[in-house]
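Notes follow once the structure below has been shown.
Here is how names work: the chains are called A, B, and so on, in the same order as the sequence lines, proteins then strands, and each is numbered from 1. Nothing here was measured: the structure is a model prediction, and the numbers come from that model.
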4 protein chains.
Amino acid sequence: MNTKTKRKTDPALAQARREQVLCAAADCFKRKGYHGAGMAEISRTAGMSAGHIYNYFASKEAIIESIIERDMEELFSVFQEFEDQPGNLVTILLNGLDSGVERHIDVDQGALDLEMQSEAARNEKVARLLRKSDLQAREKMRSLLVGERSPIKAAKAAEIDSRIEVMFALMNGLLMRKILNPSIDKELLLIAVRPAMKTLITPFD
Amino acid sequence: MNTKTKRKTDPALAQARREQVLCAAADCFKRKGYHGAGMAEISRTAGMSAGHIYNYFASKEAIIESIIERDMEELFSVFQEFEDQPGNLVTILLNGLDSGVERHIDVDQGALDLEMQSEAARNEKVARLLRKSDLQAREKMRSLLVGERSPIKAAKAAEIDSRIEVMFALMNGLLMRKILNPSIDKELLLIAVRPAMKTLITPFD
Amino acid sequence: MNTKTKRKTDPALAQARREQVLCAAADCFKRKGYHGAGMAEISRTAGMSAGHIYNYFASKEAIIESIIERDMEELFSVFQEFEDQPGNLVTILLNGLDSGVERHIDVDQGALDLEMQSEAARNEKVARLLRKSDLQAREKMRSLLVGERSPIKAAKAAEIDSRIEVMFALMNGLLMRKILNPSIDKELLLIAVRPAMKTLITPFD
Amino acid sequence: MNTKTKRKTDPALAQARREQVLCAAADCFKRKGYHGAGMAEISRTAGMSAGHIYNYFASKEAIIESIIERDMEELFSVFQEFEDQPGNLVTILLNGLDSGVERHIDVDQGALDLEMQSEAARNEKVARLLRKSDLQAREKMRSLLVGERSPIKAAKAAEIDSRIEVMFALMNGLLMRKILNPSIDKELLLIAVRPAMKTLITPFD
DNA sequence: CATGAATGAGTTTTCATTCAT
DNA sequence: TATGAATGAAAACTCATTCAT
């Protein structure tokens with residue numbers, strides 16, 4: 001009664017169904033891994049028949065690709081926040097560490113990231129998507145580091161690149177630490193993360 | 001005449017066979033991943049029948065577990081080297097970075113590590129092994145950092161722990177960087193890895 | 001006002017819808033084969049929903065059965081033409097060969113015929129329909145061959161039957177030839193088809 | 001004890017298994033059609049697990065391809081017989097008609113032929129095999145018709161080709177006749193087949 | 001009348017594992 | 001000890017058919 005609401009396919013329903021599948025799949029992948037989770041389990045989790053999923057996704061691969069794309073957008077927004085904040089860059093980034101570390105040691109989301117990373121080593125399509133996402137993140141970071149507010153804006157391009165790589169490596173590596181040593185927590189990590197990151201965003205020597 | 005060398009299982013031969021399988025499997029897993037490599041391929045690579053492998057390993061899973069154990073020993077020996085070297089600890093560790101970075105951005109071995117890491121998120125046995133290995137590595141490193149030669153030997157336990165976690169995170173994170181950005185190389189990374197590591201093994205402030 | 005033209009099923013519309021489906025299905029079957037064409041494609045081609053087709057046909061099988069029935073009527077009309085033409089029977093039939101050969105080496109339609117034929121070998125309903133159609137065709141042909149204008153009207157029944165069977169065999173066999181040797185064309189075939197058919201409609205010896 | 005009989009794969013067994021599968025598959029295809037017969041049924045008929053079949057054939061398609069190849073060799077031997085027989089060609093071919101007609105109205109084998117023919121209309125690989133087989137048959141026949149003993153050895157190439165095509169069409173068409181009119185038998189058909197074939201292997205006019 | 005979302009049994013194929021020899 | 005033939009359960013995916021709207 002509210003709108004036209006009747007004739008033809010309802011795109012809102014379709015979108016809802018896609019989300020349903022995406023969430024269910026992400027959940028299954030976290031628990032069982034991409035290869036370990038079958039369409040049967042995903043469909044059960046999503047509350048719809050396996051066959052029906054194929055009305056929304058062309059293949060199991062298409063599902064993980066969609067998950068990656070969804071995550072990409074989220075990642076992007078994190079970096080946008082840094083850019084939008086006023087004031088001293090070092091302060092901004094170091095302040096961001098708190099939530100950054102927290103986000104990176106979330107094993108639940110991390111398990112999925114790891115899974116995608118593993119898949120990328122063997123699946124070119126997945127690799128391409130992940131790299132695209134990563135490229136955007138690096139560019140965002142570079143624009144911060146060479147910006148007016150940056151204490152290292154004068155550094156050579158290679159040095160900037162290296163700093164970015166190592167910052168990212170450090171943060172991403174935290175996930176593995178949490179998996180291998182579940183007893184660590186954010187506060188403990190920050191003790192050393194902060195000085196290390198500071199080194200990475202201020203001039204060497 | 002003395003040994004007869006035939007009757008009943010020769011334990012040396014059995015061990016050799018196990019090694020054969022382990023090497024073949026590691027090779028296959030690197031190329032195709034744990035799920036991508038089949039027992040058929042492994043047996044072909046190992047030069048023995050698929051059925052026969054089951055005389056030495058209870059399952060495919062048991063194989064990867066053995067590989068992990070084998071890798072543990074290797075990792076252990078790397079740390080032993082640091083300990084055995086004379087002189088200034090900072091110098092030793094920074095000098096070790098060169099080969100350390102190189103080892104950590106070997107995507108072939110790394111892809112397997114990643115897969116094992118992923119597997120750990122859901123396979124308790126694998127997790128336990130990996131953690132045991134990691135624990136040993138951390139202890140080795142701690143013994144270095146609190147040793148006589150260490151510039152931070154006076155630091156609090158939590159700080160030491162944090163430093164170790166972050167060093168490991170950084171190094172392990174390099175693998176992901178290499179996967180997401182294959183164009184990076186050791187030299188580029190070392191530009192920022194060195195200062196960051198130096199920060200992590202010298203007193204803060 | 002008189003018909004109200006809406007309430008309850010309009011039989012004319014229903015018939016039109018059936019035709020729509022039949023044409024679409026025949027089209028799809030020619031292009032993809034009976035098994036290769038899905039209800040989804042048929043419904044798309046027919047411009048109606050898949051579900052709706054089931055208001056007119058009980059099953060996919062029912063559709064092909066209807067197609068067969070429709071084709072039967074068409075075939076029938078071909079024979080009617082011969083009967084209606086005046087003059088010498090031999091001339092009429094030989095003149096008809098030109099278009100007859102052409103029709104029989106149309107692989108698109110033919111592929112469907114072949115599939116129906118195959119289906120007949122295991123689907124009794126299809127077999128019955130095809131045989132009914134064939135029986136009518138044979139009877140039409142027999143009435144021509146024993147008619148006043150026929151040069152073999154005096155032949156024994158078995159001989160007439162044999163001639164009809166062989167004529168039909170020859171014409172139907174052309175389709176297989178075209179499939180196995182796509183390079184042949186109507187003109188080439190007519191070189192030998194004409195004398196062979198002439199033999200079959202004139203007294204032996 | 002008889003031979004070495006032990007070490008390594010026994011190729012005789014493998015061959016036997018292949019035959020087993022081929023026969024079972026041919027049987028199933030006759031009864032249910034290529035698409036209608038599932039691997040499950042084939043494996044049941046062959047008395048081995050579905051999975052095991054894949055040790056001998058790469059796919060279901062590979063099975064039908066092997067069947068075609070097997071049939072090709074058989075067909076070839078039929079033509080060889082004609083060539084090897086001494087005496088008048090017309091007599092030889094007309095004498096061969098008896099068994100030829102019989103072979104062509106064997107609906108059991110024929111159902112399979114039809115199935116393969118149908119498949120060829122949609123499956124290029126199958127089509128290629130069938131055409132290769134057919135080409136050999138045509139060439140064999142041509143060599144007979146242009147040979148020393150042939151009454152039409154002087155005919156133009158196109159005419160020879162046409163005669164061959166029509167002879168083959170006629171014989172292959174008999175199968176369809178038998179399917180559409182199961183009451184016909186060899187004797188009845190021969191009444192008209194013989195004169196028609198005679199026309200096709202003697203000079204026109 | 002008409003839709004298309006939803007189902008579930010079915011498809012071919014793969015593969016870790018077992019076992020007679 | 002060693003083989004590889006054999007299995008069977010699972011995988012991803014398809015599709016004719018049903019049904020609430």
Considering all heavy atoms, the nearest D:F29-D:A37 contact: CD2-CB, 3.8 Å
Where protein sits on nucleotides 16-21 of chain F, one letter per nucleotide: B base, S sugar-phosphate only, - none, heavy atoms under 4.0 Å: SBBB--
Ignoring hydrogens, what is the shortest heavy-atom contact between D:I42 and D:A24? Give both atom names and the distance. O-CB, 3.8 Å
Judged by modelled atom types alone, do D:H35 and D:E119 share a side-chain donor-acceptor pair under 3.5 Å? yes
Just grab all the salt bridge (charged side-chain N to carboxylate O under 4.0 Å, His left out) pairs involving residues 49-69 of chain C, residues at least two apart or on different chains. C:E65-C:K125
Do side-chain atoms of B:T45 reach the backbone of B:E41 as a donor and acceptor pair under 3.5 angstrom? yes
Spell out, as yes or no, whether a donor-acceptor pair under 3.5 Å connects the side chain of B:E115 to the backbone of B:G33. no
Rounded off to whole Å, could you give me the CE-to-P distance for the C:M48 and E:dT3 pair? 8 Å
Stems of at least 3 consecutive Watson-Crick or G-U wobble pairs (donor-acceptor distances under 3.5 Å) involving DNA chain F, listed by first number, are E:2-21 with F:2-21
Given that B:G47 and D:S49 both sit by DNA chain F, which one's nearest nucleotide is further toward the 5' end? B:G47
Side-chain N or O of C:Y56 versus OP1/OP2 of E:dA2: is the shortest distance under 4.0 Å? yes
Nearest-Å distance for atom pair CD/P, residues B:E41 and E:dA16: 10 Å
If you look at every heavy atom in B:D71 and B:M116, which pair is closest and at what distance? OD2-CE, 4.4 Å
Check: A:I179 main-chain N/O paired with B:R131 side-chain donor or acceptor under 3.5 Å: yes
Spacing between B:I53 atom CD1 and F:dT1 atom P, to the nearest angstrom: 15 Å
Atom CG of D:N55 and atom C1' of F:dG8 are separated, to the nearest Å, by 13 Å
